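Both backbone and side-chain heavy atoms feed into the values below; hydrogens, waters and symmetry mates do not. Predicted model only: the values in this text are computed from it and were never measured. Atoms within each ligand, like the ligands themselves, are counted from 1 in listed order.
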Amino acid sequence: MSLQAAQNQPSPPPSAPDSGKTLYGGKSTRRITVHDIAAATERGEKWPMLTAYDAMTASVFDEAGIPVMLVGDSMGNCHLGYETTVPVTMDEIAMLSAAVVRGTRRALVVGDLPFGSYQEGPVQALRNATRLVKESGVGAVKLEGGERSHEQIRLLVESGIPVMGHIGLTPQSVNAMGYRVQGRGEEAAQQLLRDAKAVQDAGAFAVVLELVPAELAAEVTRTLHIPTVGIGAGSATDAQVLVYTDMVGLTGGRTPRFTKQYANLRQVLGDAAKEFADEVVGGTFPAPEHTFH
Ligand SMILES: Nc1nc(=O)c2c([nH]1)NC[C@@H]1CN(c3ccc(C(=O)N[C@@H](CCC(=O)O)C(=O)O)cc3)CN21
Ligand SMILES: CC(C)C(=O)C(=O)O
Ligand SMILES: [Mg+2]
């Protein structure tokens with residue numbers, strides 16, 4: 001949404017972490033809704049979103065105050081050992097979304113519709129989104145594509161399912177588009193703007209902008225009234241999302257340049273495993289305090 005629109009809203013006191021009203025740092029323990037997301041964005045709050053693929057990790061992020069959790073199809077390459085997100089199935093998303101819902105009390109949980117679960121058309125999209133809402137308990141779903149997914153988004157929203165759009169780089173189309181920055185050049189920029197408006201017009205409550213030039217992401221953010229969620233899209237978006245395994249240094253191999261590593265859990269977990277193994281081999285674990293007689 002535009003800065004101007006944000007500035008027309010009554011502004012919160014500078015730093016109100018305990019008002020119970022801010023999205024991040026708020027004290028309220030009830031489940032966050034898409035209405036809370038809209039209200040926070042209108043107040044000019046920037047908000048964080050992280051992926052999660054299991055109940056334990058989700059509970060850590062929930063206790064840290066992360067207001068929106070995405071059960072991303074990035075589980076394909078970040079949790080399930082596939083090369084890409086393309087092979088991820090509805091069964092996998094449904095099972096891990098249910099786990100993330102069980103692990104959270106406050107976060108809005110968004111289930112990512114996987115490749116092949118909505119491309120056939122609006123009816124297929126509704127069937128699969130309904131499954132995530134009823135069986136897994138998610139509060140919203142996300143699907144990729146702008147103009148091309150307009151009808152799917154519209155039917156879901158009309159049916160009472162909040163939808164987050166996703167434009168720019170859409171990894172489910174990797175075989176067609178690669179992992180390149182999107183929206184470079186005048187024609188591509190105009191297409192991205194049309195996609196953003198199509199997502200908003202169809203009724204989405206937010207839209208992910210992935211791997212687009214910062215200036216274009218800023219323009220989309222100024223143009224739309226719904227919040228933009230950036231990943232590799234610069235700092236002007238209303239929200240930011242990261243794949244959590246990138247954020248904590250768990251992802252093996254190369255990670256995209258736009259990620260930032262805030263911890264090195266790969267090192268921590270590896271060191272713990274080696275220490276355990278050394279103590280088993282050396283006979284110092286288990287010690288008397290771990291032993292029953
Ligand atoms: N670990 C991980 N992090 C992600 O952010 C992520 C996934 N996996 N899987 C699903 C999608 C795929 N994403 C990707 C994957 C690769 C690049 C990549 O290689 N980008 C290049 C820039 C390319 C260019 O300059 O045009 C890079 O160096 O970052 C980007 C996004 C983002 N998502
Ligand atoms: C990177 C985010 C937006 C995503 O779609 C995912 O994690 O699957
Ligand atoms: Mg995804």
- [ ] Could you tell me the residue and atom name of the protein heavy atom closest to atom 6 (C) of ligand 1, and the distance to it rounded to 0.1 Å?
- [x] Val243 CG2, 4.0 Å
- [ ] Evaluate the ring planes of Phe285 and His290, with Trp represented by its six-membered ring, and classify them as parallel (under 30°), tilted (30 to 60°) or perpendicular (over 60°).
- [x] tilted
Open item on the list: What protein heavy atom lies closest to atom 19 (O) of ligand 1? Include the residue and the distance to one decimal.
Closed with: Arg254 NH2, 3.8 Å
- [ ] Output the list of atoms in ligand 1 that are nearer than 4.0 Å to some heavy atom of Asn77, sorted by atom number.
- [x] 1 (N), 2 (C), 7 (C), 8 (N), 9 (N)
Task: Contacting atoms of ligand 1, where contact means under 4.0 angstrom from a heavy atom of Arg257 - done: 27 (C), 29 (O)
Open item on the list: Under a 4.0 angstrom heavy-atom cut-off, which atoms of ligand 2 come close to Leu70?
Closed with: 2 (C), 3 (C), 4 (C), 5 (O), 6 (C), 7 (O)
- [ ] Ignoring angles and geometry beyond distance, decide whether Asp112 reaches within less than 3.5 Å of ligand 2 through its nitrogen or oxygen atoms.
- [x] yes
TODO: Answer side chain, backbone, both or neither: which part of His166 comes under 4.0 Å from ligand 2, heavy atoms only.
DONE: side chain
Task: Min N/O separation Asp73 to ligand 2 under 3.5 Å - done: yes
TODO: With heavy atoms only and a cut-off of under 4.0 Å, state how Ile231 meets ligand 2: side chain, backbone, both or neither.
DONE: side chain
Task: Taking atom 10 (C) of ligand 1 as the reference point, the nearest protein heavy atom with its distance - done: Thr85 CG2, 3.7 Å
Task: For atom 11 (C) of ligand 1, the protein heavy atom that lies nearest, with its residue and separation - done: Pro171 CG, 3.5 Å
- [ ] Number the atoms of ligand 1 from 1 as they appear, then name those within less than 4.0 Å of a heavy atom of Phe258, with their elements.
- [x] 5 (O), 30 (C), 31 (C), 32 (C)
Task: Residues Asp36, Arg31: salt bridge by 4.0 Å N-O rule - done: no
- [ ] Within a distance under 4.0 Å of any heavy atom of Cys78, pick out the atoms of ligand 1 and give their elements.
- [x] 1 (N), 2 (C), 8 (N)
Task: Nearest non-hydrogen protein atom, atom 32 (C) of ligand 1 - done: Glu210 OE2, 2.8 Å
Task: Protein heavy-atom partner closest to atom 3 (N) of ligand 1 - residue, atom, separation in Å - done: Asp246 OD2, 2.6 Å
- [ ] Drop me the distance from Arg131's CZ to Leu126's CG, to the nearest 0.5 angstrom.
- [x] 14.0 Å
Task: Non-hydrogen atom of Lys142 closer than 4.0 Å to ligand 2 - done: yes
Open item on the list: Just to confirm my output: which protein heavy-atom neighbour is closest to atom 26 (O) of ligand 1, and how far is it?
Closed with: Val181 N, 3.0 Å
Task: Proximal ligand 2 atoms for Gly72, defined as those under 4.0 Å from one of its heavy atoms - done: 6 (C), 7 (O), 8 (O)
- [ ] Below 4.0 angstrom from a heavy atom of Thr51, which ligand 2 atoms are there? Numbered from 1 as shown, please.
- [x] 7 (O)
Task: Pair Asp112 + Lys142, salt bridge at N-O below 4.0 Å - done: yes
Open item on the list: If the test is side-chain contact (heavy atoms from CB on, under 4.5 Å), which one of Leu80, Thr84, Val86 qualifies with Tyr82?
Closed with: Leu80
- [ ] Please write down residue, atom name and distance for the protein heavy atom closest to atom 16 (C) of ligand 1.
- [x] Tyr179 CG, 3.5 Å
Open item on the list: In this structure, would Met164 and Leu224 fall into the same cluster of hydrophobic residues linked by side-chain contacts under 4.5 Å?
Closed with: no
- [ ] Mind checking the CD-OG spacing from Gln119 to Ser149? Nearest 0.5 Å is all I need.
- [x] 7.0 Å
Task: Contact partition for Asp73 relative to ligand 1, non-hydrogen atoms under 4.0 Å - done: neither
Open item on the list: Please list, in number order, the atoms of ligand 2 under 4.0 Å from a heavy atom of Ser74.
Closed with: 6 (C), 7 (O), 8 (O)
Open item on the list: Does the residue Thr255 have a heavy-atom contact with ligand 1, meaning some pair of atoms that are separated by less than 4.0 Å?
Closed with: no
